Amino acid sequence: MDTSLTPAAQVIIAIIPIVGIVFGATIVFFAILWRHHEIKQRIKNNSYTPVKFNWRAFTLLFGLCLIGVGLVLTAMFALLEGKTWAMLGGLIPLAIGIMLIIFYKLTSSNKSESSKNGNNNVF
């Protein structure tokens with residue numbers, strides 16, 4: 001049985017990811033545009049309150065996620081290929097995740113020291 005695809009089928013298969021990316025980008029663009037117009041109207045009506053972003057929680061969550069991804073990728077590359085340059089694909093997110101956790105720990109000690117001094121400008 002011949003499993004080769006016709007040229008038309010190959011073109012359609014090649015276009016599917018492109019169309020998906022274009023549709024996804026279009027949806028994200030219009031969602032951001034909608035949010036922008038909503039914020040503009042709230043500013044005009046004096047009902048806008050800016051959202052405070054919790055950087056400490058973000059660094060903790062993102063750090064833990066990167067450590068998990070980095071550990072899995074490092075283990076899989078080590079098992080499949082041994083000690084090669086491919087292991088950097090897992091070691092880089094692992095190192096970034098560890099650095100984010102260290103940043104989280106350092107800001108928690110700085111926050112406790114600054115609250116004793118009355119300075120609350122740390123995140």
Side-chain angles (χ1 to χ4, degrees):
M1 180 174 193
D2 189 22
T3 59
S4 63
L5 298 173
T6 64
Q10 290 176 349
V11 169
I12 291 172
I13 290 172
I15 290 177
I16 288 173
I18 297 169
V19 170
I21 291 170
V22 168
F23 277 136
T26 304
I27 290 172
V28 168
F29 171 77
F30 282 110
I32 292 171
L33 184 65
W34 179 279
R35 178 79 176 134
H36 170 70
H37 286 296
E38 180 184 5
I39 290 173
K40 272 190 350 186
Q41 289 300 320
R42 286 186 179 201
I43 289 171
K44 285 181 182 177
N45 295 334
N46 290 328
S47 65
Y48 177 69
T49 55
V51 177
K52 298 265 184 182
F53 190 75
N54 189 350
W55 285 102
R56 293 194 68 245
F58 174 76
T59 57
L60 177 64
L61 175 66
F62 200 58
L64 290 173
C65 289
L66 281 174
I67 286 175
V69 168
L71 283 174
V72 170
L73 285 174
T74 302
M76 288 308 298
F77 284 134
L79 289 174
L80 294 176
E81 298 184 19
K83 291 184 180 179
T84 63
W85 288 105
M87 281 186 60
L88 283 177
L91 290 174
I92 291 173
L94 179 64
I96 294 171
I98 290 170
M99 291 300 120
L100 285 171
I101 298 298
I102 290 171
F103 175 77
Y104 174 79
K105 290 292 186 183
L106 289 175
T107 57
S108 66
S109 65
N110 286 341
K111 189 170 186 174
S112 63
E113 291 173 8
S114 66
S115 64
K116 290 178 187 174
N117 298 333
N119 183 7
N120 293 326
N121 291 333
V122 178
F123 295 98

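It should be emphasised that the depicted structure is a prediction, and the values quoted were computed from it without experimental measurement.
Here the closest non-hydrogen pair linking Ala14 and Pro17 is O-CD, 3.5 Å. When all heavy atoms of Ala86 and Glu81 are compared, the closest pair comes out as CB-OE1, 3.4 Å. Across all non-hydrogen atoms, the minimal contact from Gly90 to Pro93 is O-CD, 3.4 Å. Nearest heavy atoms, Gln10 versus Leu5: NE2-O, 3.6 Å. The two residues Thr107 and Arg56 have their closest heavy-atom pair at OG1-NE, 3.2 Å.
Between the CD atom of Gln41 and the NE2 atom of His36 there is a distance of 10.0 Å, given to the nearest 0.5 Å. Atom CD1 of Ile32 and atom CD1 of Ile27 lie 12.5 Å apart (nearest 0.5 Å). Taking CG of Leu94 as the start and CD1 of Ile67 as the end, the distance is 6.5 Å to the nearest 0.5 Å. Rounding to the nearest 0.5 Å gives a distance of 6.5 Å between CG of Leu100 and OG1 of Thr59. With values rounded to the nearest 0.5 angstrom, Leu73 atom CG is found 12.0 Å from Leu88 atom CG.
The cluster map of Ile, Leu, Val, Met, Phe, Trp and Tyr, joined by side-chain heavy atoms under 4.5 Å apart, puts Leu106 and Met99 in the same cluster. Linking Ile, Leu, Val, Met, Phe, Trp and Tyr whenever their side-chain heavy atoms come within less than 4.5 Å puts Ile98 and Tyr104 in one cluster. Under the 4.5 Å side-chain heavy-atom criterion for ILVMFWY residues, no single connected hydrophobic cluster contains both Ile21 and Ile15. Tracing side-chain contacts under 4.5 Å through hydrophobic residues (I, L, V, M, F, W, Y), one never reaches Leu80 starting from Leu71; they form parts of separate clusters. Hydrophobic clustering (ILVMFWY, side-chain heavy atoms < 4.5 Å, transitive): Leu91 and Met76 are in distinct clusters.
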Test Ile39 against Tyr48 for side-chain contact (heavy atoms from CB on, under 4.5 Å), laying out the working first. CA-CA 7 Å; Ile39 290 173; Tyr48 177 69; 3.8 Å; yes
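Counting Ile, Leu, Val, Met, Phe, Trp and Tyr side chains that sit under 4.5 Å apart, directly or through other members, Ile16 shares a hydrophobic cluster with Ile12.
Using the six-membered ring where Trp is involved, Trp55 and Phe58 have ring planes that are perpendicular, over 60° apart on the 30 and 60° scheme.
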